[in-house]
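Structure, as C-alpha cells:
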Amino acid sequence: MKLSFHLFALMLFFLDNGVSGVGSDKLSVSVMEGDSVIFHTDVKRNQQEDIKWYFSDTRIAQISGDLSLICTDVQCNEGTERFRDRLKLDHQTGSLTIMNITNTDTGVYELKIISSRSSSDKIFNVTVSGVSAAERDEMKRKSVKEGESVTLESEKTKSPNDVMTWYFNETKITGDQRTICTDDQCKERFRDRLKLDNQTGSLTITDSRTTDSGLYKLQITISDSSCSITTMKRFSVTVIAVPGSDLSAAAVAGIVIVVLLMAAVVTGVFYCHRRSHTPVPQIVSITYS
C-alpha cells in the first residue's frame, strides 16, 4: 500500500515538472525594450489540462482545466511582483502576453501543459535589448510634414519562418508586397503609397497625407517545430499639414494663371492711367516789338 502511494506521488511530481510525455521544445527570440511578446501554447485548452508558466523557475501564471485557479504574477507567488500588471493570460488557449517588456525580463520562460494522460514542456529563451527612453520614443513616434515619406523600421532581418503583418488603427494593411491593401477602404486611403522591404519587413509610406496619421502596429510571428512567439511593435505617426499642400497640380496651375491675368490687368490699367494724365504740350508765342 505504501509502495503504491509513493509511486503515485512520484508520478504526480514528474507530471508537474514535465519529465514524462513528449519532452520539450525550445525557441529563442530577441526583442527591443518596450515591445509586447506573446508566448503561444498552440493548443485549444480543455477542461482536462492545467497550464503553468515559469520564469527562471518561478511560477508566473497558471490556469487550471476547470478554471478554478487562474493567476498571474503576484497572484501566483505572493511577494513576487516582477511584472507589475504587464502579464495577460488567454483563458481560451493559455497563451501568455508580456506587455511593454523590459531588459530585466530577459531569461528563460517555460510552459508546462499537464493532463491526466501526458505532459509537455515548451521553453522560450528571450533576449531583450535595452534602449534609452529617448531612443525608444524616437523609434516609436514619427512626425513628418505632408508630402514627405516615413519609414517604420522592424529592427530585424526577416527569416523564412517569420510572418510579418502590418496594421493601421487595428485594420490589416499588409502581410507582404503582394497583399498590400486587399480591401477597398485601404486601397482608397493609401493608393499605392505603401512600400514593404522584403529583407526586413519595414514599411514605408510615400507622399504622406494627414489622413495617414494614427497608430501602426507590426506583428511578427516566429515559429519553430511546435513553438511560436508573436512580438508586437507600435508606431505613432503624425503627419503635419502644410498650407496649400492639398491642392492638386491643376488647381495650382489655375491659380498661377489667375494671378498672371490679374497682374496683366493691373499693368494695363496703370498704363492707361498714366496716358490719361500725360500733360498736353502748350505752344507759347512770344512777340518782340
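Keep in mind that this is a model prediction, so the values were computed, not measured. Atom set for the values below is all heavy atoms of this structure, side chains included, hydrogens, waters and symmetry mates excluded.
- Counting heavy atoms of neighbouring residues, nucleotides and ligands inside a 6.0 Å radius, atom CG of Asp57 does not exceed 12 of them.
- Residue Thr211 holds its OG1 atom at 10.0 Å from CD of Glu188, rounded to the nearest 0.5 Å.
- Taking all atoms of both residues into account, the shortest heavy-atom contact from Asn198 to Lys158 is O-CD, 4.0 Å.
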Worked verdict on Thr231 versus Lys156 for side chain to side chain contact (heavy atoms under 4.5 Å, CB included):
CA-CA 12 Å; Thr231 64; Lys156 76 184 304 289; 6.0 Å; no
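- Residues Trp166 and Lys172 are not in side-chain contact: their nearest non-hydrogen atoms beyond the backbone lie 4.5 Å or more apart.
- The cluster map of Ile, Leu, Val, Met, Phe, Trp and Tyr, joined by side-chain heavy atoms under 4.5 Å apart, puts Met232 and Phe83 in different clusters.
- Of the inter-residue distances, the one linking Met164 atom CE with Gln219 atom CD reads 11.5 Å to the nearest 0.5 angstrom.
- Residues Asp105 and Val128 come closest through the heavy atom pair C-CG2, 4.3 Å.
- Atom CG of Asp85 has 12 or fewer neighbouring heavy atoms from other residues, nucleotides or ligands inside a 6.0 Å radius.
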Audit row: Glu49, Ile114, side chain to side chain contact (heavy atoms under 4.5 Å, CB included) steps and yes/no
CA-CA 5 Å; Glu49 295 171 331; Ile114 306 168; over 6 Å; no
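- Proximity of Phe168 to Leu215: side-chain heavy atoms (C-beta onward) are nowhere separated by under 4.5 Å.
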Any chance you could lay out the side chain to side chain contact (heavy atoms under 4.5 Å, CB included) test for Lys195 and Leu203, step after step, and finish with the verdict?
CA-CA 6 Å; Lys195 304 298 179 185; Leu203 181 70; over 6 Å; no
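- The distance from the OG1 atom of Thr41 to the CG atom of Asp90 is 7.5 Å, given to the nearest 0.5 Å.
- Taking CG of Leu196 as the reference point, atom OG of Ser154 lies at 9.0 Å (rounded to 0.5 Å).
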Step by step, would you call Ile51 with Leu111 a side chain to side chain contact (heavy atoms under 4.5 Å, CB included)?
CA-CA 7 Å; Ile51 293 177; Leu111 164 65; 3.5 Å; yes
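- Distance check, rounded to the nearest 0.5 Å: CD1 of Ile98 to CD1 of Ile60 gives 5.5 Å.
- A 4.5 Å side-chain heavy-atom check between Ile229 and Leu27 finds at least one atom pair inside the cut-off.
- Counting only distance, with no hydrogens or angles, the side chain of Ser208 and the backbone of Glu148 share a donor-acceptor pair below 3.5 Å.
- Taking every heavy atom of both residues into account, Asn100 and Gly34 meet most closely at OD1-CA, 3.4 Å.
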Could you go through the ring-ring contact (aromatic ring centres under 6.0 Å, His included) check for Tyr216 and Tyr167 one step at a time?
CA-CA 6 Å; Tyr216 292 79; Tyr167 296 85; over 10 Å; no
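- Hydrophobic clustering, with ILVMFWY side chains joined whenever heavy atoms are under 4.5 angstrom apart, keeps Leu69 apart from Leu87.
- Considering every non-hydrogen atom in both Ser36 and Met99, the closest pair reads OG-CA, 3.6 Å.
- The two residues Lys233 and Asp35 make their nearest non-hydrogen contact at NZ-OD2, 2.8 Å.
- The closest side-chain donor-acceptor pair between Asp162 and Ser159 falls under 3.5 angstrom.
- Between the side chains of Asp50 and Ser64, no donor N or O sits under 3.5 Å from an acceptor N or O.
- The CD1 atom of Ile38 sits 12.0 Å away from the CD1 atom of Ile220 when rounded to the nearest 0.5 Å.
- Side-chain contact, Ser56 with Thr58: no donor N or O sits under 3.5 Å from an acceptor N or O.
- Looking at Ser202 and Glu153, their side chains do bring a donor and an acceptor atom within 3.5 Å of each other.
- Distance alone, capped at 3.5 Å, is enough to place a donor-acceptor pair between the Ser213 side chain and the Val239 backbone.
- Between Ile63 and His91 there is a side-chain heavy-atom pair separated by less than 4.5 Å.
- Annotation: side chain of Phe39 is in contact with side chain of Val126 (closest heavy-atom distance under 4.5 Å).
- For the salt bridge (charged side-chain N to carboxylate O under 4.0 Å, His left out) with Asp212, the qualifying choice from Lys142, Arg193, Lys145, Arg191 is Arg193, the only one to do so.
- Here the closest non-hydrogen pair linking Glu110 and Ile123 is CG-CG1, 4.3 Å.
- Remark: Lys140 NZ is packed, more than 12 non-hydrogen atoms of other residues, nucleotides or ligands lying under 6.0 Å away.
- Under 3.5 Å, the side chains of Thr221 and Thr230 contain a donor-acceptor pair of N or O atoms.
- Note: Trp53 and Phe124 have tilted aromatic rings, judged against thresholds of 30 and 60 degrees for the angle between ring planes.
- A salt bridge is defined here as a Lys NZ or Arg NE, NH1 or NH2 lying under 4.0 Å from an Asp or Glu carboxylate O, and Glu170 with Lys217 meets this definition.
- When side chains are defined from C-beta on, Glu33 does not count as touching Ile101, because their heavy atoms never get closer than 4.5 Å.
- A side-chain contact (heavy atoms from CB on, under 4.5 Å) with Leu152 is found for exactly one of Val237, Leu218, Thr204, namely Val237.
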